[in-house]
Amino acid sequence: MSYTHPGQDDTVFVKVYLPTDTWNGRFQMVGGGGWQAGLYLPSIMGMTAAVGQGYSTISTDAGLGSQIYPTDWALLSPGNVNLYLLENLASVSLNDASVIGKAVTASFYGEAPKYSYFTGCSQGGRQGLMLAQRYPDAFDGIASSAPAINWSEFFMGDTWPSFFMNSLGEYPPSCEISAIQDALLDACDGLDGLVDGIISDPNKCLFDPMSVVGQTFNCSDFGTEREISSVAATIVQATFQFSGAKKTDNSSLWFGPNKGAILSGTTTDPSMIPTICSTNGTCTAGNFDFASDWLKYFILKNASFDFSQMTHAEYEQAFHMGVQQYTSIIGTNDPDLSEYKARGGKILGYHGLADSLIPTNGTLHYYDAVTALDSNVHDFYRMFLAPGLRHCFGGDGPYPDETFDSMRKWVEEGIAPDTLNATSVDTATVINRPLCPYPKLQYFNGTGDGTTPKGFYCA
Ligand SMILES: [Ca+2]
């Protein structure tokens, strides 16, 4: 079904799925991902799973259509952002969907849902926190993982490696970046007590990419042996944790991904250091439109902006403009969750320590800000750190598959989860490990074999 906000020239589509005779008395809204508010394939899969478990469920497209990028809707004309649609994406359509979903549920079954829940990761994780911040009455419980909060900061931060390469005029091949990452993993894997290919405490990793300059490696991209260059090491160093986007005076603008995050890409988790190489081994700048579209269309409002020519002063200025213009619309980092706490709401989520797309430290920065206002934050909001997990899913670390059910149990039975189970997805041997709620981290005392929870503890 569709609806409009009269005068705003929008058409918002929502879909509601209702189990005919297996309704469990509960309502669940499924969030979106990337630039999509919902109703894309993963949302539909989430709705299908929810309806299979007896939930009535809804998802919304926020009136944006089904495009992967905002290219078609971002600008009304050069210089003029479609703010109504941005607000639909940011917040308005979320509350709409909760109202519509609950009303359709009540009219179909003749009674209102006993409990209402929201679930999402990335864009969906941001949506969950926006609902808690701005529409505290909408949901009893929210599963919010790897949230795309600090929206303008993290998008600008994601463009930093590309900007940095442009400023050097150097574009190392992904095999070289991978070789540095492999050396980092060798150096830091065991610091958490277990050599398993997963870095569970990135802060302990003091690996310096410059230390492997000159080492040879086999480049799978070209089938040749190469040496790690100081340029590639400099780029990796500039991308990682404690570095990240910088001002012209070298002070920090935003967090980089943790050491151990994979900087070379996959289809669902694009390369942080995008380069395009020909078979003879020469490379040029690749694209990371997912992030640079924010800069181009929303901050600079210029569809033909040439990112490759940007100066450092312009980068710093654009970073500031983005925060200034959009934080109140879509920043989603208001740390005052007192109204949500007061209505008895619970928020539970995870963030992968190997997330390169949305830096884990941005989420922890927010969590710290919430904690500064309410030292009892643990009573209603817990964020579990997932070692080796990339953005929302994927990577060598196990996946927290019981996030939603733990949240529901917390809401309905008052059982707060002290750990969150995670199960490996693609590994030959299935491993199960307990994730720890921030500020605790997961460590291993050496008593098990690493495939079962035995030997893991939170500290
Ligand atoms: Ca390890």
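The first residue of the sequence shown is numbered 1, and numbering continues consecutively from there. For ligands, and for the atoms within them, numbers begin at 1 and follow the listed sequence. Heavy atoms only: backbone and side chains are in, while hydrogens, waters and symmetry mates are out.
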(request) Taking the six-membered ring for Trp and the single ring otherwise, decide whether the centroids of Y381 and Y367 are under 6.0 Å apart. (result)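 Yes, they do, as the ring centres are separated by less than 6.0 Å.
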(request) Nearest 10° is fine: what angle sits at the Ca ion (ligand 1) between O from I198 and OD1 from D189? (result) 90°
(request) Can you tell me, to 10 degrees, how wide the angle at the Ca ion (ligand 1) is between OD1 on D196 and OD1 on D192? (result) 130°
(message) Quick test of your reading of the model: are K246 and E316 salt-bridged, counting only N-O distances below 4.0 Å?
(response)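 E316 and K246: not salt-bridged.
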(message) Here's a test for you: under salt bridge (charged side-chain N to carboxylate O under 4.0 Å, His left out), which of R343, K114, K346 qualifies with D140?
(response) R343
(request) Using a cut-off of strictly less than 3.0 Å, determine whether I199 has an N/O/S atom near the Ca ion (ligand 1). (result)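 Within the cut-off used here (under 3.0 Å), I199 places no N, O or S atom near the Ca ion (ligand 1).
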(request) Verify the distance test for L194 against the Ca ion (ligand 1): any N/O/S atom under 3.0 Å, yes or no. (result) yes
(request) For M45, look at atom CE and say whether over 12 heavy atoms of other residues, nucleotides or ligands are found less than 6.0 Å away. (result)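 Counting neighbours around CE of M45, 12 or fewer heavy atoms of other residues, nucleotides or ligands fall under 6.0 Å, so no.
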